[in-house]
Amino acid sequence: QVQLVESGGGLVQAGGSLRLSCAASGRNFVMYAMAWFRQPPGKEREFVAHISRTGGSNYYTDSVKGRFTISRDNAKNTVYLQMNSLKPEDTATYYCAARLWVVSSFDQDYTYWGQGTLVTVSS
């Protein structure tokens, strides 16, 4: 069982930066592949980035490549999403998610979810 709690969302101007954190409780965090998804207002949830259990590999959706960085600290049971050069279209509720062993870009593959943190980017 894993519980996930996101933090770090807020209001930022276009071009600004935010760092989201996702703290995991429970045991054996290193067994879990982690991902960030987001849900813009009035739209479906979409994949943002994922990271392997050791942090050795990651993958991003095209719209955030070069601007966002996913990382994890297994000693702190935490995964991060550094977001730079933010755009108004990045406005969304951001969710972290966990699944055992193998990464995926599909939300239906993830077992555990946080409650979400809202990011609003003003133009």
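FYI, side chains are in, hydrogens and waters are out, and symmetry mates aren't considered; it's all heavy atoms of this structure. This structure is a prediction, so every number in the text was calculated from the model and none was measured.
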task: For Val79 and Phe29, work out which heavy atoms get closest and say how close.
output: N-CZ, 4.4 Å
query: Is the Trp113 ring parallel, tilted or perpendicular to the Phe37 ring (thresholds 30°, 60°)?
result: tilted
query: At their closest point, which heavy atom of Gln115 faces which heavy atom of Val5, and how far apart are they?
result: OE1-CA, 3.7 Å
- request: Over all heavy atoms of both residues, which pair between Gly116 and Glu6 is shortest? Give the atoms and the distance, please.
  value: N-OE1, 2.8 Å
query: Donor-acceptor pair, Arg72 side chain versus Gly55 backbone, under 3.5 Å?
result: no
More than 12 heavy atoms from other groups under 6.0 Å of CD on Gln82: yes
- prompt: In Å and rounded to the nearest 0.5 Å, what is the OG to CD distance from Ser25 to Gln1?
  reply: 8.5 Å
field: Joint cluster assignment, Tyr32 & Trp36, ILVMFWY side-chain distance < 4.5 Å
entry: yes
task: Hey, could you give me the NZ/OG distance between Lys87 and Ser63, rounded to the nearest 0.5 Å?
output: 8.0 Å
- prompt: Do any N or O atoms from the side chain of Asn74 and from the backbone of Arg53 form a donor-acceptor pair under 3.5 angstrom?
  reply: yes
message: Keeping Arg45 on the side-chain end and Thr93 on the backbone end, is there a donor-acceptor pair under 3.5 Å?
response: no
field: Polar side-chain atom of Thr91 near backbone of Val121 as donor-acceptor pair, under 3.5 Å
entry: yes
Charged N-O contact under 4.0 Å between Asp62 and Lys65: yes
statement: The single option from Asp73, Leu20, Ile70 that satisfies side chain to side chain contact (heavy atoms under 4.5 Å, CB included) with Tyr80 is Asp73
query: Pick one: which of Phe68, Tyr59, Tyr60 meets side chain to side chain contact (heavy atoms under 4.5 Å, CB included) with Val48?
result: Phe68
- prompt: Quick check: does any side chain N or O of Ser123 sit under 3.5 Å from a backbone N or O of Pro88, one acting as donor and the other as acceptor?
  reply: no
message: Could you see if Trp101 belongs to whatever hydrophobic cluster contains Tyr112? Use Ile, Leu, Val, Met, Phe, Trp, Tyr and a side-chain cutoff under 4.5 Å.
response: yes
query: If Ile, Leu, Val, Met, Phe, Trp and Tyr residues are connected whenever their side-chain heavy atoms lie under 4.5 Å apart, and connections chain through other members, are Leu4 and Leu18 in the same group?
result: yes
- prompt: So Arg38 and Tyr94, side chain to side chain donor-acceptor pair (under 3.5 Å) or not? Walk me through it.
  reply: CA-CA 4 Å; Arg38 66 186 180 185; Tyr94 284 72; 3.0 Å; yes
field: Exercise: identify the closest heavy-atom pair between Cys22 and Met34
entry: SG-CE, 4.3 Å
- request: Identify the two heavy atoms, one from Ala24 and one from Val2, that lie closest to each other, and give their separation to 0.1 Å.
  value: CB-CG1, 4.1 Å
- prompt: Under 3.5 Å, side chain of Tyr110 to main-chain N/O of Ser104, donor-acceptor pair present?
  reply: yes
message: For the CG atom of Asn28 and the CG atom of Asn77, what is their distance to the nearest 0.5 Å?
response: 9.5 Å
statement: For Ser71 and Ile51 the tightest heavy-atom approach is CA-CD1, 3.6 Å
side-chain contact (heavy atoms from CB on, under 4.5 Å) between Val12 and Met83, worked out: CA-CA 11 Å; Val12 63; Met83 305 186 295; over 6 Å; no
- prompt: Are Val102 and Leu100 co-members of a hydrophobic cluster defined by side-chain heavy atoms under 4.5 Å apart?
  reply: yes
